[in-house]
Engineer: 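Input: one structure, supplied below.
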Amino acid sequence: MCGIVGYIGKKQAKDYLLDGLESMEYRGYDSTGIAVLDKKSINLAKVVGRVEHLRKAERENPSKGHAGIGHTRWATHGGVTKNNSHPHHDQNKEFYVIHNGIIENYQEIKAYLTKQGVKFYGDTDTEVIPNLISELYKEHGDVQKAFKAALKSLRGAYAIVMITSHDPGNIYAAKFSSPLAIGVAEDGMYIGSDAMPILPHTKQVVFLEDNEGAVVSCNSYELFHIKTDKSIKRPTELLEIEHEAAEKGDYPDFMIKEIHEVPQTIRATMLGRLRADEGIVKLGGLEEVRDQLDYIDRIVVLACGTSYYAGLVGEYLLEEISNIPVEVQQASEFRYRQEPLSRSTAVLVVSQSGETADTIAALKKIEGSGILTLGIVNAPGSTLARMTDAGVYCHAGPEKAVASTKAFVAQVTVFLLIALHLSKNYRNFDKLIAELDSLPQKIEEVFAQEEKIRKLAEKYSTANDFLYIGRRYAYPLALEGALKLKEISYIHAEGFAGGEMKHGPLALIDKNFPTFAFALSNDLDEKLVSNMQEIHARDGKIVVVVDEGKSEAAKLSEDTIVIPKVSEQLQPLIGVVPAFLFAYYAAKRLGRDIDKPRNLAKSVTVE
Ligand code: G6P
């Protein structure tokens, strides 16, 4: 979703702004723009579309200046138009602002400003901010005072960065709820809504906390509290993250590249943690809270989207292997529930980006309650990684395609490692550890069938609807498989537990409503086969993933994908790969914009 960059320093601002915006492109956006301050004039460039279009505009008409701000917008208030894209300015074109989040009381502010004679050119909530600052500037005659006064009137979530011709030596920033970081380097100050754009320039970063603002010059920054105006001293922290550039290489899309990275992702996630030869799982990130973990008798997992489905797999794993009761909730629901939590409950958030607004809000809800908070996060240094008491990083590397694939696999792998780490006397402990060690190799074998899966996906790409079914560990797989197909191909797809077929979904089945079934070996084999028989009897076509070519399930199916056999607890890690490939090739056949599907964003930073 929306991304923010800002710069003030010795270099031409536009170079960082454009590179920074590009590094955040994967988050999803529909328009982009920059404003660059040159002495007393500000040059504004905005486009509907990609950063490459903005680059082109900049090549033709370059913005000059050493301070500037840039934004990628994902429309919330107001349509996708150049007018509505950021940066936004006041009616006199003196104050330019970029903003992530939502100003909840913008209608109220807009009504007040309109009464003062302010004319608005667009439909966004953001446009009220520069106009409000401008009005307050008339009153105070001082930019800092006007900025601080305006912040006190805003309600909602925001990360704001502003430049103004009235104070060319400073950039102004503020945050509540949406993340904002300032990177401090020899050649200037680099601002970003996450560390990604900053990292190629510096690892010395200061993160703004909620209700904090900053006045940033070429070589210094001053922090203040928005409510009290008190100045805050906070040194930079050294981000121990390597800048990992993700390139498509020879792949046509990031998504297919990331699917192919699944085996190496599992290796990276397990590296140094799974000690197969010693028969242990070591998780440094949980060491500090080891004693507290001994007293935990319930885990509540909170997440959104694909991470939520990884949580559902985690539920099965933790309950079976560690014998701890687990409940998984969508963070967007949990944040508004009146749910009593005991002190012996741990809350575990799961997030690829570490910046999902609902998951952050859910975690904030229990802040200060003394409840142990844990994280399974992929993006190092992200908000959720910093907010939790302890956690285990996924080490999946940057994931660029909006639809999550390798991060899902890494999250499930981490769940498995945590479950084994917390287990006491689990009977299959040694077997699973040995099997996990060789799992990446087995997943590589699935790619030998990629061509077959491509043809199947193309054959079924004309379907309007798809049902995904599985039981036990394969049930969350059915949910994730269906999500993947609808996200990128726009084919309507739903996931169900096989046992639920008779309670509704069966009514949909006919020859035009195909089913994707996960029929991987377990002691419920016969039950899933009965579910498939019910579909077969109603002329429903079935594509099945099996781990034994000649199984009963294969006989009932029109098309079969055979994958290597593994223990049931590992099935989600390997079984999901054919579903990823199936969704990818169906979407490819339909000519979809696979890495940036319509209406979706990689990092959902607003509610
Ligand atoms: C968006 C993304 C999904 C992701 C979900 C949760 O919807 O498109 O791929 O699963 O957000 O994101 P998180 O970063 O918290 O895992």
Side-chain angles (χ1 to χ4, degrees), residues 1-3 24-30 74 76 178-179 193-196 253-255 258-259 265 301-314 328-335 347-364 374-388 391-415 476 479-490 495 576 579-580 583-584 587 592-607:
M1 253 175 189
C2 309
M24 290 190 294
E25 275 197 301
Y26 71 97
R27 295 164 67 123
Y29 68 105
D30 42 53
W74 192 86
T76 53
S178 296
S193 46
D194 65 41
M196 204 78 144
D253 312 275
F254 275 111
M255 183 175 172
E258 287 159 3
I259 298 172
T265 299
V301 176
L302 304 175
C304 299
T306 289
S307 299
Y308 169 74
Y309 294 142
L312 291 179
V313 180
V328 193
Q329 291 194 33
Q330 282 153 346
S332 54
E333 282 299 307
F334 176 85
R335 63 184 287 191
V347 163
L348 169 56
V349 290
V350 188
S351 176
Q352 188 287 123
S353 64
E355 303 294 354
T356 301
D358 280 323
T359 317
I360 293 172
L363 194 57
K364 274 194 181 150
L374 306 169
I376 297 180
V377 175
N378 190 37
S382 56
T383 303
L384 285 169
R386 285 181 289 115
M387 278 174 75
T388 39
V392 182
Y393 276 123
C394 292
H395 294 319
E399 188 181 63
K400 295 279 187 172
V402 164
S404 184
T405 54
K406 65 173 181 170
F408 170 85
V409 172
Q411 290 164 343
V412 173
T413 307
V414 172
F415 267 114
L479 298 173
E480 171 57 13
L483 175 67
K484 213 77 327 173
L485 187 70
K486 75 180 117 184
E487 274 181 312
I488 58 165
S489 74
Y490 318 148
V576 80
F580 286 163
Y584 173 81
R592 308 296 191 218
D593 188 353
I594 292 188
D595 287 341
K596 300 184 185 84
R598 68 183 183 200
N599 308 338
L600 299 181
K602 180 79 184 154
S603 190
V604 181
T605 49
V606 294
E607 188 176 2

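Read the numbers this way: they start at 1 and go in the same order the structure lists the ligands and their atoms.
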Engineer: Only distances under 3.5 Å count here; give the side-chain donor-acceptor pairs of residues 304-311 to other protein atoms, sequence neighbours excluded, each with its distance to 0.1 Å.
Structural biologist:
residue: T306; atom: OG1; partner: E480; partner atom: OE1; Å: 3.1
residue: T306; atom: OG1; partner: E480; partner atom: OE2; Å: 3.4
residue: T306; atom: OG1; partner: K484; partner atom: NZ; Å: 3.1
residue: S307; atom: OG; partner: Q411; partner atom: NE2; Å: 2.9

Engineer: List in chain and number order the residues that pass salt bridge (Lys or Arg N to Asp or Glu O under 4.0 Å) with D30, two or more places apart in sequence or in another chain; answer none if no residue qualifies.
Structural biologist: none
Engineer: Would R335 and D358 count as a salt bridge (charged side-chain N to carboxylate O under 4.0 Å, His left out) here? Give the steps.
Structural biologist: CA-CA 7 Å; R335 63 184 287 191; D358 280 323; 2.6 Å; yes
Engineer: Could you list the residues that satisfy side-chain hydrogen bond (donor to acceptor under 3.5 Å, both in side chains) with T383, not counting sequence neighbours?
Structural biologist: E355
Engineer: Taking only Lys NZ, Arg NE, NH1 and NH2, and the carboxylate oxygens of Asp or Glu, determine whether K602 and E399 approach each other closer than 4.0 Å.
Structural biologist: yes
Engineer: What does the list of residues with a heavy atom under 4.0 Å from ligand 1 look like, ordered by chain and number?
Structural biologist: C304, G305, T306, S307, S351, Q352, S353, T356, V402, S404, A601, K602, V604
Engineer: As a quick check of understanding, evaluate side-chain contact (heavy atoms from CB on, under 4.5 Å) for L348 and L302, giving each step before the final call.
Structural biologist: CA-CA 6 Å; L348 169 56; L302 304 175; over 6 Å; no
